[in-house]
Visitor: 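Pasting a structure below so you can have a look.
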Amino acid sequence: MIDLLRGFMNWLFEPSIALTLTIVAVWALYRYRRVCTQNKIVGGLIVASPLLFFFFSAFDPNFWIQFKRPDNIPIAGMMFLVVFFTWFALKLAVDNDDRIREGRPPKEADPEEEEKVFVWPDLVYTELLCLLLVSILLVVWSILIPAPLEEPANPQLTPNPSKAPWYFLGLQEILVYFDPWLAGVVIPTFIIIGLMAIPYIDTNEKGNGYYTYEERKSEIFLFQFGFIVLWVFLVFEGTFLRGPNWNFYGPYEYWDPHKLVPLTNINLSEVLWARWLGIGLPSFWLVREFVGIVLMLLYFVALPVWLARGFLRRYYDQMGLMRYVIFSHLLLWMVMIPIKMYLRWTINLKYFVAIPELLFNI
Amino acid sequence: MAEAKAQKAAGTAAGTGTNRREFLASFPFVTAAWVAMTGALAGVGAATLRFLYPNVLYEPPQQFKIGLPTDFQVGEVSTAFKDRFGVWVVRNDEGFYALITVCTHLGCTPNWLATENKFKCPCHGSGFYSSGINFEGPAPRPLERAAIALADDGQIQVDKSQKYLFEQGGWDDPSSFLPFTA
Ligand code: FES
């Protein structure tokens, strides 16, 4: 019974399924936000879900090995914090949305609900207490669980698996699917620029100073997609699911360094010319990669135009050409990440366009 | 003009003693201070730059001998020189080649997995056949080969300063491969 359950959980955590489930979960949380936040049982289950998962998983010897590593403990804590605060913010938002619908001001702006305290002593006092408590926590933590120091570095021996610091595990995961210059330089730059560009792209003034979801649905959902799915989930995956030789392991699976996973990559051009047409690859890259190049042009050039006239018309009208171009490209790059992950996991697709002659691969 | 100046000078001398500003300006102290500060900053800058370069470099030698051709078995991927020299030596049916132990993705050191018959990188999972060709994971190109030749004393000599890249046609170069002649 337990083994069956473990097998089922391992299957649930296969990358393509786990990613899909995460996306669906985020979507469902916002779609059924009323039930999720106002029903005590559902809400309690959501908040407790990471605790339950880690509590039950800790009985599994294989999971325990990974879980108890000093550098993995904060990740488990982070899962709890992310779920809790996502849920909590949504709860406040739903409450406010209800008030707004009834024609009342949001709670934060309601004079009747107003709760004002002095900076001195109330706020400063609270801050001092927090400072003390957090310092004590950190000191105790660092005494009880020493930092994982290893032997001096040896250039001929790379630890297996070699993991980036936890906050970079998302980027390390992206490195698996994209050419190094894209995943290592272009995409991180886009992330930073994109975050900085948010206030210029999202000029919806609703929600300033109070929680709300209904007044800025797509903004919040898009951000949470980038944060929860493409950052937190990838950190979790890199921490608990990536094992020796950077293979995927289920959470209750033993990290066997000899696990055999057939992963032979294939480029779109190889699928097209060799598999479908049955002739060899043309030698000139423009001919060879023609379909991939057209596909990328469709995706990055035609798709935003098409969206501007249809699905995203409202945004296009609001933003104007320049801001819409920037917005749509950041969006398309963001969506490109899960697209490539799915394609790699399902059909082992490596690159849409592979031109090693020009060091250009997508 | 001259009178006024003299008067002023006399006035200061008679009144508050020496005018401090004029006194200082007449000495090259300020100049010296600026020179000293610039010098010190340049020194700190130079020391910082110098700090970027290690005092001792434990770099494996670029040219080395790895033994007689008969020391290797056909089909063997020798990991014996990985730690010391950073190469794998492969003996196939026809001869020898030396693969450099640097992943072409971001430079980690892959491991040779004999049972799976492949090199596998622990950083992002790139896999390479024993020929060095990349077939899985993100590595965009095959492993690099080093120059390999027979030395005068009959030993195999590897020269890592000469690299042969598959995608540049380097593996067709005769120095990237040493045919076995018994
Ligand atoms: S460095 Fe080898 S796979 Fe990334």
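This structure is a prediction, so every number in the text was calculated from the model and none was measured. By convention in this document, chain letters (A, B, ...) are assigned in the order of the sequence lines, proteins followed by strands, and residues within each chain are numbered from 1.
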Visitor: Sort by residue number and list every member of residues 120-153 of chain B having a non-hydrogen atom under 4.5 Å from chain A.
Guide: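 Within residues 120-153 of chain B, the residues under 4.5 Å from chain A are B:K120, B:C121, B:P122, B:C123, B:H124, B:G125, B:Y129, B:N134, B:F135, B:E136, B:G137, B:P138, B:A139, B:P140.
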Visitor: For B:E116, is it the side chain, the backbone, both or neither that has a heavy atom under 4.5 Å from a heavy atom of chain A?
Guide: side chain
Visitor: Is chain B contacted by the side chain of A:N245, its backbone, both, or neither, given a heavy-atom distance below 4.5 Å?
Guide: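 Backbone plus side chain of A:N245, per the 4.5 Å heavy-atom cut-off to chain B.
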Visitor: Is it true that, when you exclude A:F240 itself, more than 12 heavy atoms of the residues, nucleotides or ligands shown sit nearer than 6.0 Å to its CZ?
Guide: yes
Visitor: Within residues 258-274 of chain A, which positions have a heavy-atom distance to chain B below 4.5 Å?
Guide: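 The stretch touches chain B at A:H258, A:K259, A:L260, A:V261, A:L263, A:T264, A:N265.
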Visitor: For B:T109, is there any backbone N or O sitting under 3.5 Å from a side-chain donor or acceptor partner on A:T158?
Guide: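 Flag set: sc A:T158 to bb B:T109 pair under 3.5 Å.
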Visitor: Is A:R242 close to chain B through its backbone or its side chain, or both, or neither, when contacts mean heavy atoms under 4.5 Å?
Guide: neither
Visitor: Got a sec: does the CZ of B:F51 have more than 12 other heavy atoms crowding it under 6.0 Å?
Guide: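 No, because the 6.0 Å sphere around CZ of B:F51 holds 12 heavy atoms or fewer from other groups.
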Visitor: Counting only non-hydrogen atoms closer than 4.5 Å, does A:P161 touch chain B with its backbone (N, CA, C, O), its side chain (CB onward), both, or neither?
Guide: both
Visitor: If we define contacts as heavy-atom pairs under 4.5 Å, which of B:H105, B:E167, B:K118 has the most with chain A?
Guide: B:H105
Visitor: More than 12 heavy atoms of other residues, nucleotides or ligands under 6.0 Å from CZ of A:R275: is that the case?
Guide: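 Not buried by this count: 12 neighbours or fewer within 6.0 Å.
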